Each structure stands twice: as structure tokens, then as C-alpha cells.
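Everything below concerns the one structure shown next.
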Amino acid sequence: MILLTCLVFPGIITRTKSIASGRKGPGLFQPMLDILRLLKKGIVYSTTSSFIFKIAPVIYFSTILSAAFLLPFNNEPGILSFQGDFIAFSYILALGKFFMIIAALDTGSAFEGMGASREALYSMLVEPAFFILFASFAMFTGHTSFYEIYNSIYFGSYIAIFAGVLAAYNLFQIIMVENSRVPYDDPKTHLELTMIHEVMVLDNSGFDLALINFASSLKFVIFGTLISNFFFTPNLPVYNGILIFIGIQVLFAIIVGIAESFRARYKLRNNNKAIVLLTPISILIFLSLLMLLTNQY
Amino acid sequence: MLTAFVLLPIFSFLFFLLPKKFQPAYNILLTLITAAISSRFALLVISRGSGIVENTQMYFWGSEIKFTIDLLSAFFILVVNFTVLTGAVFSIEYMRMYKEKKFTDFSFHYFSFFWLLYSMLLVCMFHNMVAFLVAWEIMSVASFALVIFEYEKPEVIKAGINYLVQMHIGALLLIIACILVYNETGNITWDGLTSYFYNHKNIPLFLLFFIGFGIKAGFVPFHTWLPHAHPAAPTHVSGIMSGVMIKMGIYGILRVLFHVQSDLLAIGIIILVISSISGIAGVGTAIIQHDLKKLLAYHSIENIGIIGIGIGTGLIGVATNNDLLSILGFGGGILHVLNHSLFKSLLFYTTGSVYLNTHTRIIDNLGGLIKKLPHTAILFLFASIAICGLPPFNGFVSEFMIYNGFAASMISSTVGIKILIMFAMLSLVVIGGLAIFCFTKAFGIVFLGTPRNIKTESVTEMKWYTLFPQYLILILIVTIGVFPKLISKLFFDLAGMFTHKTIAIPENTMTTISSISYFVLIFFGITLLIYLLKKYFTRNKIIEQSPTWGCGYTGNADKLQYTASSYAENYSHDMDNLLNLKTHYKKIEDEDIFPEERNYETHSESLAEEKMFVKISGSIKRFLNKLAFVQTGKTQHYILYMFVLLIALILLTIFNVI
């Protein structure tokens with residue numbers, strides 16, 4: 001399911017952006033066609049690089065795919081679901097990032113070092129926000145795996161709605177950071193000095209680049225799934241679930257597209273502060289949910 | 001068996017007789033025998049599941065010295081033996097670097113090496129506190145002797161003295177604590193602690209022990225010896241010191257925790273807070289280090305922090321009757337002791353291989369070593385992934401256990417504990433993130449790219465017998481990471497010792513642990529599949545080699561590369577006050593038409609060291625300097641002092657004052 005959706009996901013974002021800026025824009029499948037085209041090409045390796053550079057895209061892709069195995073779908077637990085799987089989810093994604101970062105350093109290019117340094121810093125800063133967010137959900141629902149959390153979450157009172165809105169905002173921002181989108185990073189920039197994720201993959205080509213691009217869209221959809229899971233009510237039939245899933249994903253993509261069109265990028269220096277800010281918001285969610293719980297018991 | 005163990009020290013004196021050539025081999029032999037004998041005790045305990053007591057018929061201070069080995073001792077004995085053994089094998093090639101050193105230097109080095117191992121084993125075995133302190137002291141002195149192997153360098157001596165002084169401050173606190181216990185209870189064994197804690201307030205004595213052991217373990221702010229001593233010592237020694245010797249501090253803390261009766265919650269919170277600070281401060285400072293070994297030393301502080309977080313939360317679990325939290329906290333913390341001993345010693349050994357080949361530890365100078373040292377690079381890479389706590393390696397397992405404990409306490413505990421645990425979780429996440437940042441930097445700059453400021457022509461891969469122990473460590477790292485279920489029972493048993501009751505491990509906790517294996521295996525499967533797909537897709541494609549894209553610039557690419565400092569720049573920029581970062585450079589003035597050659601230098605000094613230790617010791621030194629006028633060096637003056645003293649004594653006795 002995730003695999004299918006990710007085929008059109010970046011296409012929708014691009015399309016939304018072009019429509020918002022008054023252009024016609026490429027077709028929905030253009031990013032996937034690009035990937036197919038890349039698959040057919042040969043590969044150029046830098047003379048500086050070692051096997052790390054060759055293996056990193058493979059590992060990056062497989063970490064994201066394994067992370068997808070943990071996610072529940074429509075009241076069905078993920079292929080693998082255990083207590084505290086959100087920790088494993090975050091850590092396996094970090095492993096992929098680790099390899100991308102060292103692969104960037106492997107080329108010995110100043111630009112890629114820059115990108116690697118920024119990516120490492122930003123993902124480091126965003127991680128606490130994600131953890132505290134899901135720890136709050138764990139506390140709120142009394143369960144520690146994705147499946148159980150999603151299955152037993154409910155928003156009954158005003159504080160819960162407040163926390164829910166905050167959580168949605170926070171999750172959205174976390175997704176933007178993790179997927180290197182505007183306002184933290186712009187995948188469409190053309191100046192190496194201000195790029196973050198894109199500058200890390202400057203030297204990748206052919207199959208490797210295809211893997212990386214595919215992995216990026218996959219990652220986006222995985223995080224979209226984190227959101228869409230909130231909308232599955234218990235005892236939902238499977239086909240309804242699929243419809244809701246696709247609906248939410250499309251809506252999410254359109255929202256991202258709109259947000260990117262009407263929003264300027266942060267200045268690079270301010271990124272740190274903006275990302276660090278997400279953690280206090282998470283703590284706020286935690287405290288409000290805590291308030292809610294203590295009132296109940 | 002016991003007689004053999006007691007007689008072992010005699011054989012250590014042979015080092016002073018054997019010629020230089022045979023010493024490494026004899027060292028390995030002796031280490032192997034010592035390890036085998038002591039491991040036998042430990043394995044016996046583990047297989048039986050209960051402690052053993054061996055009588056030695058030796059008396060000290062009126063009570064018999066017994067070797068008492070329980071599960072905790074057994075675990076530490078095994079960890080110590082394994083790491084020291086790998087260190088001994090690694091040292092063969094490393095010690096060749098010091099060919100020109102004297103025969104006695106080598107003899108003394110190996111002699112101290114044996115005594116470090118032996119004293120660490122004794123520390124784990126002694127039940128009698130006086131005997132324990134003696135072993136503790138031997139351990140400090142032996143490691144001091146090992147640290148100052150390159151005694152002709154002034155900075156090495158300085159680091160060694162610093163280390164020795166700090167160890168003795170720690171030992172002093174321990175002695176005071178032991179005297180207090182003996183005075184009250186008349187019992188000189190660890191059991192005396194129970195009755196002391198039963199009748200007195202728990203926190204003061206515990207704090208005394210905690211600081212005493214904490215100096216050895218390297219908790220912030222008692223960590224200041226670590227970043228000096230580790231770079232000064234030979235690499236295999238740093239590996240052992242960082243891998244297991246600082247864990248003796250953890251052992252001591254755990255040993256005392258056994259007997260603590262009340263105030264558990266307060267003590268747990270103290271440990272948790274100090275550990276969180278240690279963890280973040282350790283890794284936060286590590287990022288901006290230029291010296292690779294110093295960087296690793298700061299990471300020891302970080303990992304001690306993680307262990308402490310596990311122990312602290314475990315204790316909070318015991319205090320609040322949250323069984324899952326206590327089991328997972330203690331279990332994760334103690335498992336991290338083992339994990340850290342594995343990957344940290346491996347990191348030090350690989351660093352040693354780099355240093356052996358390039359004769360520099362400055363990260364910014366290195367680069368591109370992966371082509372010349374492929375095995376070392378892979379070992380370093382895997383150890384870095386493990387130390388970052390990433391799956392599929394062992395660091396992930398222990399951190400995952402601690403996280404799961406957090407999650408368990410999120411569900412069932414009071415509000416205050418929840419908030420506390422949330423901050424503990426926050427600090428653990430921050431530690432993890434910073435560690436990734438730090439080790440991508442360390443691995444990326446040292447091994448990848450092109451050489452920055454070194455000659456790599458003469459760099460050759462290490463010999464097989466040096467790589468062998470390192471691969472052995474790697475196998476253990478991977479095994480624990482992929483099949484944590486194999487060993488998790490031992491750690492749950494160990495954790496059960498602290499809850500003072502046997503807790504049935506909840507069914508789903510065990511399933512969780514085994515789920516990690518499935519998860520990791522799925523990950524391996526996918527990786528393999530995609531790798532084969534890549535092979536299949538690219539089999540007919542043109543694969544080219546060409547220079548890295550330089551934005552049109554094709555000049556000296558080596559100088560254009562990102563360095564460790566630039567990698568950490570946007571981090572250190574925001575943190576410079578906390579890190580106490582100092583820069584030295586000369587500004588370019590407006591009237592400088594032809595700028596002269598300039599240097600730019602940054603370094604960070606530990607905030608705690610500067611504010612706490614240097615200031616205090618500075619003022620003591622100033623005070624003592626003022627007193628120095630009495631020390632004139634003239635014999636007549638000293639005779640005068642004696643005369644005055646005698647008169648004073650006579651007068652005092654006349655007036656019945658003394």
C-alpha cells in the first residue's frame with residue numbers, strides 16, 4: 001500500500017505547487033518516470049569514494065522499507081509490531097541517515113560535507129520532539145507500540161483536542177524536517193551552499209540516485225501514514241480503510257504542496273532554533289496530556 | 001583452583017627476568033591463565049545461579065579474607081577477562097612502536113598490566129572492605145604505571161599525576177565511608193552496610209560511596225581525569241581502562257546499592273540527574289574534540305551516563321514498585337556495561353591502528369584511510385554504529401531496554417515520576433542524536449575522503465593476529481545485536497538481584513526482545529535483496545570512475561574537503577558558551593595591505609574542570625605558596641624549628657595541655 005502510494009506522492013506535491021504558482025506542471029507520475037529513467041542509466045563513481053559510497057543508498061533504502069514494516073494499517077498491526085516499536089522505527093531511520101552522511105563525506109567534496117553536517121545536526125535536533133510526542137501518546141493510551149497506540153487513542157475533551165492540534169502541527173513540522181522540505185530545506189534549490197539533503201547526493205547517479213529518490217518519496221509516505229493512522233476508527237472495513245488512507249495521503253500531499261508554495265525558506269542559521277523549538281512543543285503536549293490524565297484519575 | 005589463583009602473582013615477577021623478545025608472548029600466556037582460572041569461578045556461579053564463597057585461610061585485620069563471587073561479580077569478572085585478553089593480544093603489534101625503549105620499561109609495563117587485571121578481579125571478588133580497598137588501590141597504582149609508559153613526555157607525566165591524585169581523592173572518600181561503617185557496626189564486610197543503612201540515614205553515606213566510585217567511573221563533574229589520561233596512555237591500555245576499569249566504579253556503586261535500605265527514590269533521582277548531565281556533557285564535548293582519543297574519552301563519560309540512567313531508573317522502579325521499570329532499567333544499564341566494554345575497546349584498538357600507521361591522532365589531519373586500512377575502517381565503522389545505539393548492533397539493545405522501561409513507567413506511575421522519566425528520555429534521545437553527529441564526523445573525516453595532512457604511502461593494514469581479537473569483539477557485538485534473547489535472561493536475573501525479589505519476566509517483554517531479532521533479520525534480508533537487485537540492474541551498465549564534482553573547480557581537492565572542525569561548526573557555533581570554546585587568532589586590520597601568515601586555533605576546556613578544580617586547587621596552591629617562607633633550605637633554620645617545637649612541647653606538658 002505504502003509502496004503504491006509513494007509512486008504518485010511527490011507528483012502531487014509538484015503539481016500542487018505548479019498550480020499554486022499558475023503553471024501547468026508535470027504529470028503526476030513524472031517523478032517515478034524520472035526514477036525509471038535513472039534506473040536505466042550507468043553509474044559514475046567518484047575516484048575518491050570507497051565501498052561506503054556504493055553501499056549507502058542500498059542501506060538507506062532498506063532502512064526505510066524496514067521502518068515501513070512497523071507501521072500499522074487500518075486496525076491491522078504492522079508486519080512486525082512489538083512494544084516500543086516507535087523507538088526501533090526512529091533508530092532504524094537514523095541508521096539510514098548515518099550511512100547517507102558518511103557516504104557524503106566519502107566523496108571528499110566540500111559541498112557534500114556541508115550538506116552532511118547540516119543533515120546530521122537537524123536530524124539530531126528533531127529527534128527529541130518525535131520521541132517525546134510518541135512517549136506522550138504512549139502515556140496517554142497506556143500502550144507502547146504503534147498499533148496499540150493508534151488503536152486506543154481518543155480525543156474526548158478540550159484539552160485533548162488542544163493537545164491533538166498541537167501534536168498535528170508538531171508532527172507536520174517533524175515530517176518537514178525529516179524529509180528536508182520547505183521551510184527547512186528546499187529540494188528545488190540550485191545553489192549548493194544553501195542545500196541540505198540534495199547537496200549530499202550530488203555525486204550519486206544512475207541506480208543509486210534512483211534508490212535515493214525512491215526512498216525519499218517512500219519516507220514521505222511513511223510519515224504520512226503516521227498521520228493517516230489517526231483517522232482510522234475501530235472496526236473499519238478494509239476497503240474503507242484503503243480509501244481513507246489514500247484520501248489522507250492525497251490531502252497531506254496537497255497540504256504540503258500548498259504550504260511549500262506560500263512559504264519562504266528559513267534562513268539557514270535560523271533553522272537550528274526553529275527545529276529546537278519543536279521539542280518544547282512536544283513537552284507541552286506531554287504536559288497537557290498529563291494534566292488530562294491526572295484529572296481523570 | 002583457588003591456590004592456583006592465589007599463586008599467580010608470583011609468576012608476574014618473571015617479567016623482570018625474561019628478555020624483551022619473549023615478554024609479549026609471556027604476557028598473553030599469563031593473562032590467558034589468569035582469565036581462564038577466574039572465568040571458571042564466574043561460569044560456575046552463572047551455571048549454578050547462586051553465589052559461591054571460597055575460603056583462603058588467610059587472615060587480615062582479624063577476619064578471614066574470602067573470595068565471594070555472586071552473579072554480579074561473575075558478570076564483571078567475565079567482562080574484565082575478555083577485554084583484557086583482547087587488549088593483551090592487540091598490544092603485541094602496538095608495543096613494537098616503542099622499540100627503542102629500555103628493557104625495564106617493558107618489564108614494568110607488562111608487570112603492571114598483569115596487576116591491573118589481577119586487581120580488577122580481586123575488586124570483584126573481595127567481600128572484606130579493607131581487602132577491597134587494598135585491591136582498589138593496587139588497581140589505581142597499576143593503571144597509573146600503565147598510563148605513564150611514555151614518561152619522557154611531560155604531558156604524559158602531567159596526565160598521570162592528575163590521574164593519580166584524583167584516584168586518591170576518590171579512595172580517601174571510600175576509606176572514610178568504610179571507617180564509618182566499621183565504627184558503627186563492627187563488621188568489615190559488605191554485609192555491614194546493610195545494618196548501617198538500616199539504622200542511619202541512607203543518603204549521606206551513599207553519596208560518599210557514590211562520589212568515591214564516581215571519580216573512577218567518570219561521572220560529571222568528577223570526570224576531569226579521563227580526557228587527559230586516555231590520550232596519554234598506550235592504546236591497548238586506554239582500551240582496557242575505558243572498557244572495563246572505569247566500570248569498576250559502576251561495580252562499586254551497584255555493590256553498595258544492594259544494601260541500601262531506604263531513600264531509594266531520592267538516590268535514584270540523584271543518580272539519574274547526574275547521569276543525564278554526564279551523558280549530555282560527555283557527548284556534547286566529544287563533538288568538538290580534535291584528538292581522536294580525547295573524543296573517545298569523552299564518549300566514555302557519555303556511556304557511563306547511559307549506564308547511570310539505566311541504574312537510576314531501575315532504582316526509581318524499585319522505589320515505586322514498578323517491576324517492569326526496575327527490571328528493564330537495571331537490565332539495560334548492566335547490559336550497557338558489557339556493550340560499552342566491547343565497542344569502546346574496539347574503537348580504541350582501531351584508533352591505535354590508525355595512530356601506529358600515521359603517528360597522528362588529530363582528526364583534521366587524517367582522511368582517506370579506508371583504502372589503506374580496510375579492515376580497521378570496517379571495524380571502526382561497526383563499532384561507531386554500535387556506540388551510537390543504532391540497530392542492528394548491541395548498543396541498540398541496551399538502549400532499547402532502557403527506553404522500554406521509560407515507556408513502562410509512562411503508563412503506570414505518579415505524575416512526578418512521569419515528568420522525571422520524560423526528561424531522562426529526552427536526555428537519552430539527545431545523547432543518541434549527538435553520538436550520531438559525533439561518529440559520522442569521526443568516521444567520515446578519519447577514514448573517508450582523501451588524506452588531508454598525512455603521508456599514506458607507508459600505511460599498511462595490521463597483521464592478522466592484531467585483527468583477530470578485534471574481529472572477535474565484532475562478532476560479539478553483532479551476536480548481541482541480532483540475537484539479544486540469548487543473553488537477556490542473564491541480565492534480567494542480574495536486575496532481579498536489586499529488586500530483592502524474583503520477578504517473573506512478563507511474557508511480552510521477552511517477545512519484544514525477540515522481535516528485535518526478527519526486525520533486524522528483516523532488515524538484513526531487505527538489504528541483501530536490494531543489493532542483489534542493484535547487481536542485477538547494473539550488470540550491463542557502464543560504470544565509470546571520475547573525480548568528485550567540484551562545481552567546476554578542479555584545484556587541490558584535498559584542501560577543499562570538509563574537516564572535522566567545519567563539520568562541527570554549526571553545532572559549536574550555537575553552543576560555544578556551554579562548551580567553553582576558546583579561539584585564538586589575529587584579526588585582519590583595515591591597514592593590513594600585505595597580510596602576514598596567520599593561524600586560527602580553537603579549543604575547548606571542560607567547564608567543570610576550569611570552574612571547579614583549577615580554581616579550587618589554584619587557591620589552595622596560592623595559600624600554600626604563602627606558607628613556603630618557612631622552607632628556606634638552610635639547616636640552621638630547621639634546627640631552630642625543632643628547638644621551638646621542643647620548647648613548645650615541654651611548655652605544653654608543664655601546663656598539662658597534652
Side-chain angles (χ1 to χ4, degrees), chain A residues 39 41-48 50 52 58-59 61-63 65-66 69 80 82-84 87-88 91-92 94-95 98 101-102 105-111 113-114 116-118 120-121 123-125 127-128 131-132 135 138-139 142 144 192 202-203 206-207 211 272 279 283 286 290 294, chain B residues 370-371 385 388-391 396 400 403-404 406-407 410-411 415 418 422 425-426 429-430 432-434 436-437 440 443-445 448-450 508 511-512 515-516 518-519 522-523 526-527 530-531 534 537-538 541-551 557 560-562 566-567 570-571 574:
Chain A
L39 282 179
K41 289 193 171 184
I43 306 178
V44 184
Y45 289 119
S46 158
T47 38
T48 332
S50 62
I52 298 281
V58 175
I59 291 178
F61 188 80
S62 70
T63 52
L65 204 57
S66 345
F69 277 110
L80 202 61
F82 49 90
Q83 288 184 327
I87 300 156
Y91 269 68
I92 194 92
L95 178 72
F98 188 100
I101 291 165
I102 57 173
L105 289 172
D106 198 9
T107 59
S109 145
F111 297 131
M114 236 175 253
S117 158
R118 288 170 189 161
L121 186 69
S123 55
M124 174 196 98
L125 293 175
E127 231 165 80
F131 265 81
I132 299 294
M139 175 189 72
T144 54
E192 289 82 357
L202 270 180
D203 266 271
F207 191 87
L211 269 186
N272 301 358
T279 306
I283 294 177
F286 175 84
L290 193 66
T294 32
Chain B
I370 193 167
K371 297 202 184 72
I385 295 174
C388 293
L390 295 175
F396 175 67
F400 185 76
Y403 273 123
N404 256 337
F406 289 164
M410 283 287 171
I411 291 163
V415 180
K418 274 181 182 162
M422 191 209 64
M425 187 166 191
L426 191 63
V429 179
V430 169
L434 286 168
I436 293 174
F437 190 74
T440 47
F443 179 76
I445 305 294
L448 304 177
T450 51
N508 50 12
T511 16
T512 304
S515 305
I516 298 177
Y518 296 131
F519 182 54
I522 285 180
F523 166 68
I526 296 174
T527 311
I530 293 169
Y531 184 73
K534 183 181 170 180
F537 267 99
T538 52
K541 302 283 156 55
I542 311 148
I543 294 187
E544 281 177 75
Q545 298 270 333
S546 78
T548 302
W549 186 70
C551 205
L560 281 180
Q561 286 181 92
Y562 241 47
S566 41
Y567 188 77
N570 60 17
Y571 163 80
D574 290 343

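Treat the numbers as computed from the prediction; the structure is a model and nothing was measured. So that the names make sense, note that chain A is the first sequence line, chain B the second, and so on, each numbered from 1. Note that these values count all heavy atoms, side chains included, but never hydrogens, waters or copies made by symmetry.
For Tyr91(A), the parts sitting under 4.5 Å from any heavy atom of chain B are the backbone and the side chain alike. Contacts of Phe98(A) with chain B are made by both backbone and side-chain atoms, with heavy-atom separations under 4.5 Å. Interface residue Lys371(B): only side-chain heavy atoms are found under 4.5 Å from chain A. Proximity to chain A is limited to the side chain of Ile370(B), based on heavy atoms less than 4.5 angstrom apart. At a 4.5 Å heavy-atom cutoff, the contact between Ile132(A) and chain B is made by side-chain atoms alone. The contact between Ala138(A) and chain B is made entirely by backbone atoms, counting heavy-atom distances below 4.5 Å. With a 4.5 angstrom heavy-atom cutoff, Leu202(A) touches chain B only via side-chain atoms. Of the two parts of Thr538(B), only the side chain, counted from C-beta on, holds a non-hydrogen atom closer than 4.5 Å to a non-hydrogen atom of chain A. Only the side chain of Ile522(B) comes within contact range of chain A, with at least one heavy atom under 4.5 Å from a heavy atom of that chain. Phe131(A) touches chain B through backbone and side chain together, each having a heavy atom under 4.5 Å away. For Phe69(A), the part lying under 4.5 angstrom from a heavy atom of chain B is the side chain only.
Contacts with chain A were tallied for Asn404(B), Val430(B), Ile516(B); Asn404(B) has the most, counting heavy-atom pairs under 4.5 Å. Interface check for chain B: of the options Leu211(A), Thr48(A), Ile283(A), Thr279(A), the most heavy-atom pairs under 4.5 Å are formed by Thr48(A). Contact tally against chain A (heavy-atom pairs below 4.5 Å) for Tyr531(B), Phe443(B), Phe396(B), Tyr403(B): the top residue is Tyr403(B). Among the candidates Val415(B), Thr440(B), Ile445(B), the residue making the largest number of heavy-atom pairs closer than 4.5 Å to chain A is Thr440(B). Comparing Thr107(A), Leu125(A), Leu121(A) by how many heavy-atom pairs each has under 4.5 Å with chain B, the most go to Leu121(A). Considering only heavy-atom pairs separated by less than 4.5 Å from chain B, the leading option among Thr63(A), Leu39(A), Ile102(A) is Ile102(A). When each of Val58(A), Ile43(A), Ile101(A) is checked for heavy-atom pairs under 4.5 Å with chain B, Ile43(A) comes out on top. With chain B as the partner, the residue from Asn272(A), Ile52(A), Ile87(A) showing the most heavy-atom pairs under 4.5 Å is Ile87(A). Of the residues considered (Gly432(B), Ser566(B), Pro391(B)), Pro391(B) shows the highest number of contacts with chain A, using heavy-atom pairs under 4.5 Å. Here Asp106(A) is the residue among Asp106(A), Val44(A), Ile59(A) with the most heavy-atom pairs under 4.5 Å with chain B.
For Ser62(A), the side-chain contact (heavy atoms from CB on, under 4.5 Å) partners two or more places apart in sequence, or in a different chain, are Phe523(B), Ile526(B), Thr527(B), Ile530(B).
Note on ring orientation: taking the six-membered ring where Trp is involved, the planes of Phe400(B) and Phe82(A) are perpendicular (angle over 60°, cut-offs 30° and 60°).
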